[in-house]
Number of protein chains: 2
Amino acid sequence: MRDMTEPRWLNADERRAWLALVSINTLLPAALDTKLHTAGKLSLFDYTVLAMLSEAEGRFLPMSELAARSSASLSRLSHVVTKLQKRGWVERRPHPHDARVTTAHLTEEGMATIVELAPGHVEDVRDLFLDALTEQDVLDLARIGEKVVGRLDADHWILREN
Amino acid sequence: MRDMTEPRWLNADERRAWLALVSINTLLPAALDTKLHTAGKLSLFDYTVLAMLSEAEGRFLPMSELAARSSASLSRLSHVVTKLQKRGWVERRPHPHDARVTTAHLTEEGMATIVELAPGHVEDVRDLFLDALTEQDVLDLARIGEKVVGRLDADHWILREN
DNA sequence: GGGGCCTAGTTGAAGAATCAACCACGCTGC
DNA sequence: GCAGCGTGGTTGATTCTTCAACTAGGCCCC
């Protein structure tokens, strides 16, 4: 049963912050999606998956680790990896020591794709997002963003010390 | 033709800010979606559409204005309004003076639904997001968020003066 | 050494988003 | 008064995402 006392509605600044976040949330991925789609027929999520693999040691990761690093469900990832596999960018292999685990490997073609796309993508991220901000803004946003991520998922990989 | 000089890769803080934003972007809507889905079988986007109508004068808006206020394409909105219409929460009516325009009206049942859901939703927003932040964070985020929105869409409705 | 539970991953069906094609109306200029 | 263009909106096909169900291997412990 929910508490029936009068809820604390958002004040003006909370509302501003909330509306801005929701708007960014729909606008930014949409803009990057269309950019990436015209550049290389892939979505921001596809790109993220390839990018995470390309940065991993040996260019492979267990599916569950890849899911964590792309903030996706295992189910979603599995479907997407199947698609990327059909395009020859990723391969699935069994894990040598734990038969439950599947590892996703970036192929040479996959690596070539991301190497080709990365400069344009970084430029788009700057153009659509970072260039709007001062250095101080970037710092503030990193601090605030990590707080929020920590509340949503205390064990999130971007918060790992290393 | 794209500029072929070496791209400016993200520095550590830019990367932190970017990764945090992308993570929030997938985690937050997903969490609110499941909350709203168990509370009332609707998505965050459905909720937003109803909320925007409930706050509008006369509880109706032209489709294109509603699309702007929910940061959606007209196509997406049209599909969703059809769904909400089937549930009896929204009605479509022709505009009296411009036959091109359709207005979406919130019905009594629609209003009742949002009145019922709003307190829980606000609580969830606080719980998942705002409660992680200090007053200063909220202020910073509002400022930074609006800058980013302005870059993505200079005419965005949340930036309108009034 | 076998029952029960947890972790890792896949699959198919159902619902949602996007894209391109399209219709209808309004405005402008001739 | 009608040709042409821009605006407002809808629709259907395709693609994506989610959800629930399921397989299968590992681990604990009696």
Side-chain angles (χ1 to χ4, degrees), chain A residues 22 25-38 40-49 60-87 90-105 155, chain B residues 25-38 40-50 60-87 90-105 155:
Chain A
V22 171
N25 223 294
T26 43
L27 262 33
L28 225 194
L32 286 170
D33 262 334
T34 48
K35 290 266 187 191
L36 279 170
H37 205 82
T38 56
K41 302 270 181 216
L42 35 62
S43 69
L44 179 58
F45 183 69
D46 299 338
Y47 178 92
T48 305
V49 168
F60 68 90
L61 286 173
M63 291 293 280
S64 28
E65 180 59 24
L66 185 52
R69 297 200 192 178
S70 47
S71 304
S73 69
L74 217 30
S75 168
R76 181 179 181 186
L77 179 65
S78 184
H79 283 296
V80 167
V81 165
T82 303
K83 185 185 72 180
L84 298 178
Q85 207 170 7
K86 281 184 191 149
R87 297 198 191 159
V90 169
E91 266 175 34
R92 273 185 237 245
R93 299 196 204 148
H95 189 282
H97 301 318
D98 186 341
R100 289 170 303 179
V101 174
T102 310
T103 51
H105 293 247
D155 301 325
Chain B
N25 224 296
T26 43
L27 262 33
L28 225 195
L32 285 170
D33 262 335
T34 47
K35 290 266 186 191
L36 279 169
H37 206 81
T38 55
K41 303 269 181 215
L42 34 63
S43 69
L44 180 58
F45 183 70
D46 298 340
Y47 179 92
T48 305
V49 168
L50 296 180
F60 67 90
L61 286 172
M63 291 294 280
S64 29
E65 180 59 24
L66 185 52
R69 297 201 190 177
S70 46
S71 303
S73 69
L74 218 30
S75 169
R76 181 177 181 190
L77 179 65
S78 184
H79 284 295
V80 168
V81 165
T82 303
K83 186 184 73 178
L84 298 178
Q85 206 169 10
K86 282 184 193 148
R87 298 197 190 159
V90 169
E91 266 176 33
R92 273 185 235 246
R93 300 196 202 148
H95 189 283
H97 301 319
D98 186 341
R100 288 172 304 179
V101 175
T102 310
T103 51
H105 294 246
D155 301 325

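Every chain is numbered from 1 and lettered A, B, ... according to where its sequence line falls, protein lines coming before strand lines. What you are looking at is a predicted structure, and each value in this text was computed from that prediction instead of being measured.
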Separation of [N] [atom2] from [X] [atom1] (nearest whole Å):
X     : N      : atom1 : atom2 : result
A:L74 : C:dT11 : CG    : C1'   : 12 Å
B:D98 : C:dC27 : CG    : P     : 7 Å
A:H95 : C:dT10 : NE2   : P     : 14 Å

Evaluation steps, salt bridge (charged side-chain N to carboxylate O under 4.0 Å, His left out), between A:K41 and A:D46: CA-CA 10 Å; A:K41 302 270 181 216; A:D46 299 338; over 6 Å; no

B:T103, B:L61, B:V90 screened by side chain to side chain contact (heavy atoms under 4.5 Å, CB included) with B:L66, the one that passes: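 Only one of B:T103, B:L61, B:V90 forms a side chain to side chain contact (heavy atoms under 4.5 Å, CB included) with B:L66, namely B:L61.
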
Please find the pair of heavy atoms, one from A:A104 and one from A:M63, that lie closest to each other, and give the distance. CB-SD, 4.1 Å

With a strict under 4.0 Å distance from non-hydrogen atoms of chain A, what nucleotide opens and what nucleotide closes the contacted stretch of DNA chain D, reading 5' to 3'?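 Reading along DNA chain D, I get D:dC16 to D:dG26.
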
Show me the protein contacts with nucleotides 12-18 of chain C, counting only N or O atoms at under 3.5 Å.
residue : atom : partner : partner atom : Å
C:dG12  : O6   : A:H79   : NE2          : 2.8
C:dA16  : OP1  : B:K83   : NZ           : 3.3
C:dA17  : OP1  : B:R76   : NH2          : 2.7
C:dT18  : O4   : B:H79   : NE2          : 3.3

Inter-residue atom distance B:L84.CG - B:F45.CZ, 0.5 Å rounding: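 These two atoms lie 9.0 Å from each other.
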
Side-chain N,O (A:R92) to OP1/OP2 (C:dT10) below 4.0 Å: yes

Side-chain contact, heavy-atom cut-off 4.5 Å: B:R87 with B:K83? yes

Is there a donor in the side chain of B:R92 and an acceptor in the side chain of B:T82, or the other way round, less than 3.5 Å apart?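 Yes, B:T82 and B:R92 have a side-chain donor paired with an acceptor closer than 3.5 Å.
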
Remember a base hit wins even if backbone is also touched, and classify A:S78 as base, sugar-phosphate or nothing at under 4.0 Å, heavy atoms.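 Base, at least one base atom sits under 4.0 Å.
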
Counting the atoms with a prime plus P, OP1 and OP2 as sugar-phosphate, which does B:D33 contact under 4.0 Å by heavy atoms, base, sugar-phosphate, or nothing? nothing

Pair A:R76, A:S70 - check side chain to side chain donor-acceptor pair (under 3.5 Å), show working. CA-CA 10 Å; A:R76 181 179 181 186; A:S70 47; over 6 Å; no

